[in-house]
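Report on the following structure.
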Amino acid sequence: MKEIYKIKIEPLTAVHIGSGNSLLPIDYTLVNPNNSTEKRYVKFSTDKIINSILESGSAQQKQELQNTSDLNDINALAKFFRKYFYFGIEYDSKITKDFLNLYSAKINSGFFENSLEINQILHHEAKPYIPGSSIKGAVRTAILNQALMDLPQESYDELLEMAENEKQRDLKKSGRYEKKIQNKALLMLSVKNIDDAKLDPFRCVEISDCEFSARNQLVARMENAKIDKFKKELCSESMQIIAESIPGKLADCKTASDFTVRINEDLQNIELPNGFCINKQIDLQEIISACNFFFKSQFNKEYKKFYQDAYENVDKIFELKKIIDSIPENSETEFLLRVGRWSQIEYVTFENNFRNPKTPTKKGREMPFGTSRTVLNYDGQYLPMGWCKCTVEN
């Protein structure tokens with residue numbers, strides 16, 4: 001039997017699920033739609049522009065295309081495509097003033113020197129979306145962390161000892177550390193040979209993608225921020241990353257979508273060899289409670305470490321805290337998620353005792369992790385990425 005739930009998801013800050021593509025000023029432009037004073041970002045297809053001009057363009061446009069192509073000049077070609085962008089519009093987006101100023105200052109410099117590369121997000125027919133796999137990954141992390149907390153002390157200590165041994169073997173460089181700890185934790189939940197996908201208790205949970213309106217998108221610059229204990233403010237470090245995102249309530253965009261959660265009870269009641277059984281039964285209420293406990297507790301630690309003593313650039317973060325605090329930890333209908341890129345390592349791994357992140361080295365020494373935050377610069381206000389509020393609708 002399958003239990004099917006419809007869940008409303010509302011981005012609170014901004015969500016970036018990368019497509020793996022980078023966009024250059026030959027792929028987009030900024031325009032004033034309908035002669036408005038507000039500029040918007042427009043992503044276009046160069047192939048569509050070329051094909052449209054060749055099929056239905058004027059003789060002058062066709063000649064201009066030919067002449068520009070003959071120049072073999074990337075700057076001239078980029079200007080040509082930006083001039084005729086309307087032949088190949090794919091989607092548009094609002095932008096921050098910060099990005100507008102950066103674009104205006106650099107667009108006429110050399111093509112490869114202007115640092116206007118944009119990290120694109122996933123789209124389906126121009127609509128941005130959050131994959132169900134990203135949501136399921138966040139849910140899985142929360143439930144596994146809750147399972148760790150629920151282990152008997154003896155089992156917890158055994159797992160912790162194993163984690164320390166694995167750290168010493170430096171398996172993190174091969175990417176096997178996290179998987180080994182997950183497998184051992186699940187084995188302690190009476191799962192035999194968890195490498196077999198059929199025996200993974202999360203196999204019973206299916207989560208759909210969720211699409212958002214094509215108009216509800218944002219282009220902004222990311223910053224690496226550290227707390228200045230003396231000035232009581234977050235100080236930005238140099239970071240030339242510009243990204244598309246799905247903006248949320250705190251980015252002045254009230255957008256929402258729906259996804260479905262399907263829980264197949266039959267897959268939770270399978271018989272395993274040698275008397276083992278899956279006793280980690282996953283239901284919607286466990287998802288809600290695990291997500292609220294994990295994400296709220298991690299946010300409170302992050303807030304205390306980075307934000308509570310700052311008095312500039314953090315008004316939006318104070319608003320975020322109010323929203324997070326307003327969701328009861330024992331709620332039966334509302335829960336938090338943090339998804340996507342720049343969600344910070346604390347939210348995508350096991351709790352601190354088991355965390356073993358990859359960190360850069362300096363002068364032969366490993367640098368500490370968790371000393372800064374990657375945040376979106378929303379016109380002078382910092383927004384932590386990835387926060388979403390979910391509400392059960394049926």
Side-chain angles (χ1 to χ4, degrees), residues 14 16-129 214-224 238-247 341 376-377 379:
H16 176 95
I17 309 290
S19 69
N21 297 327
S22 295
L23 306 176
L24 296 169
I26 199 169
D27 302 303
Y28 70 87
T29 188
L30 301 188
V31 301
N32 297 86
N34 302 319
N35 296 318
S36 71
T37 57
E38 178 188 355
K39 281 193 177 292
R40 287 185 70 88
Y41 160 93
V42 173
K43 164 68 175 72
F44 53 75
S45 164
T46 54
D47 287 342
K48 286 183 180 179
I49 293 173
I50 292 171
N51 292 335
S52 294
I53 289 177
L54 292 178
E55 290 175 7
S56 58
S58 66
Q60 180 182 346
Q61 289 168 340
K62 292 177 182 177
Q63 188 60 53
E64 189 176 350
L65 172 60
Q66 182 63 56
N67 293 342
T68 305
S69 300
D70 291 343
L71 290 174
N72 197 26
D73 181 341
I74 189 67
N75 288 299
L77 197 58
K79 288 179 180 178
F80 173 83
F81 287 128
R82 292 199 297 271
K83 178 180 178 180
Y84 292 109
F85 73 92
Y86 49 85
F87 280 113
I89 294 175
E90 293 189 331
Y91 56 86
D92 67 310
S93 166
K94 78 175 198 173
I95 60 174
T96 60
K97 294 176 184 175
D98 173 72
F99 172 65
L100 174 59
N101 293 337
L102 184 67
Y103 179 92
S104 301
K106 292 180 174 288
I107 190 58
N108 292 318
S109 61
F111 184 80
F112 294 105
E113 293 81 32
N114 60 26
S115 301
L116 290 172
E117 180 178 309
I118 295 177
N119 289 265
Q120 188 183 38
I121 56 175
L122 287 175
H123 292 84
H124 178 254
E125 295 180 351
K127 294 180 180 180
Y129 71 96
R215 292 282 293 176
N216 290 331
Q217 302 184 59
L218 174 69
V219 175
R221 189 161 54 92
M222 308 303 300
E223 294 192 11
N224 194 43
S238 177
M239 193 176 192
Q240 288 295 336
I241 295 180
I242 308 166
E244 296 178 346
S245 65
I246 303 169
R341 190 177 178 190
L376 183 146
N377 182 340
D379 294 331

Exercise. Would you confirm whether Ser93, through its side chain, and Gln217, through its main-chain N or O, come within 3.5 Å as a donor-acceptor pair?
Key: yes
Exercise. Take Ile49 and Ser45 through the test side-chain contact (heavy atoms from CB on, under 4.5 Å) and record every step on the way to the result.
Key: CA-CA 6 Å; Ile49 293 173; Ser45 164; over 6 Å; no
Quiz item: Do Glu244 side-chain atoms and Ile121 backbone N/O form a donor-acceptor pair below 3.5 Å?
Solution: yes
Exercise. State whether Asp379 and Lys97 are salt-bridged, where the test is any N-O pair (Lys NZ or Arg NE/NH1/NH2 against Asp/Glu carboxylate O) under 4.0 Å.
Key: no
Quiz item: Can you list the residues that meet the side chain to side chain donor-acceptor pair (under 3.5 Å) rule with Lys43, with sequence neighbours excluded?
Solution: Glu90
Quiz prompt | Closest contact, heavy atoms only, Asn119 versus His16 | solution = O-CE1, 3.4 Å
Quiz item: Where do Gly88 and Lys48 come nearest, in terms of heavy atoms and distance?
Solution: CA-CB, 3.8 Å
Quiz item: If only atom types and distance count, is the side chain of Gln61 paired as donor or acceptor with the main-chain N or O of Ser58 below 3.5 Å?
Solution: yes
Quiz item: How about Tyr84 and Phe80: are their ring centres within less than 6.0 Å of each other?
Solution: yes
Practice problem: Kindly say whether Pro247 contributes a backbone atom to a donor-acceptor pair with the side chain of Asn216 at under 3.5 angstrom? | Solution: no
Quiz item: Closest approach of Ala220 and Asn377, non-hydrogen atoms and distance?
Solution: CB-O, 4.1 Å
Quiz item: Under the salt bridge (charged side-chain N to carboxylate O under 4.0 Å, His left out) test, which residues partner Lys83, sequence neighbours left out?
Solution: Glu64
Self-check item: Lys62, NZ: over 12 other non-hydrogen atoms inside 6.0 angstrom
Solution: yes
Practice problem: Keeping the roles fixed (side chain from Arg82, backbone from Pro25), state whether a donor-acceptor pair exists under 3.5 Å. | Solution: yes
Quiz item: Would Tyr28 and Tyr41 count as a close aromatic pair, with their ring centres under 6.0 Å?
Solution: yes
Quiz prompt | For the student: nearest non-hydrogen atoms of Thr46 and Ile26, plus distance | solution = CG2-O, 3.3 Å
Practice problem: Evaluate the side-chain contact (heavy atoms from CB on, under 4.5 Å) criterion for residues Thr96 and Leu218: first the C-alpha distance (whole Å), next the side-chain angles of each, then the deciding distance (0.1 Å), finally the verdict. | Solution: CA-CA 8 Å; Thr96 60; Leu218 174 69; 4.0 Å; yes
Quiz item: Around Asp70, counting heavy atoms of other residues, nucleotides and ligands shown, do more than 12 lie under 6.0 Å from its CG?
Solution: yes
Practice problem: Please step through side-chain contact (heavy atoms from CB on, under 4.5 Å) for the pair Leu376 and Ser245, ending with a clear verdict. | Solution: CA-CA 10 Å; Leu376 183 146; Ser245 65; 4.1 Å; yes
Self-check item: For Asn101, side-chain contact (heavy atoms from CB on, under 4.5 Å) partners two or more places apart
Solution: none
Exercise. Check the pair Val31, Thr29 against side-chain contact (heavy atoms from CB on, under 4.5 Å), reporting the backbone distance first and the verdict last.
Key: CA-CA 7 Å; Val31 301; Thr29 188; 3.7 Å; yes
Quiz item: What's the shortest heavy-atom distance between Ile242 and Leu102, and which atoms?
Solution: CD1-CD2, 3.7 Å
Quiz prompt | Backbone of Leu24 reached by a side-chain donor or acceptor of Asp27 within 3.5 Å | solution = yes
Exercise. Mind listing the closest non-hydrogen atom pair of Leu116 and Tyr103 along with its distance?
Key: CD2-CA, 3.8 Å
Exercise. Test ring-ring contact (aromatic ring centres under 6.0 Å, His included) on Tyr129 and His123 and set out the steps.
Key: CA-CA 6 Å; Tyr129 71 96; His123 292 84; 8.2 Å; no
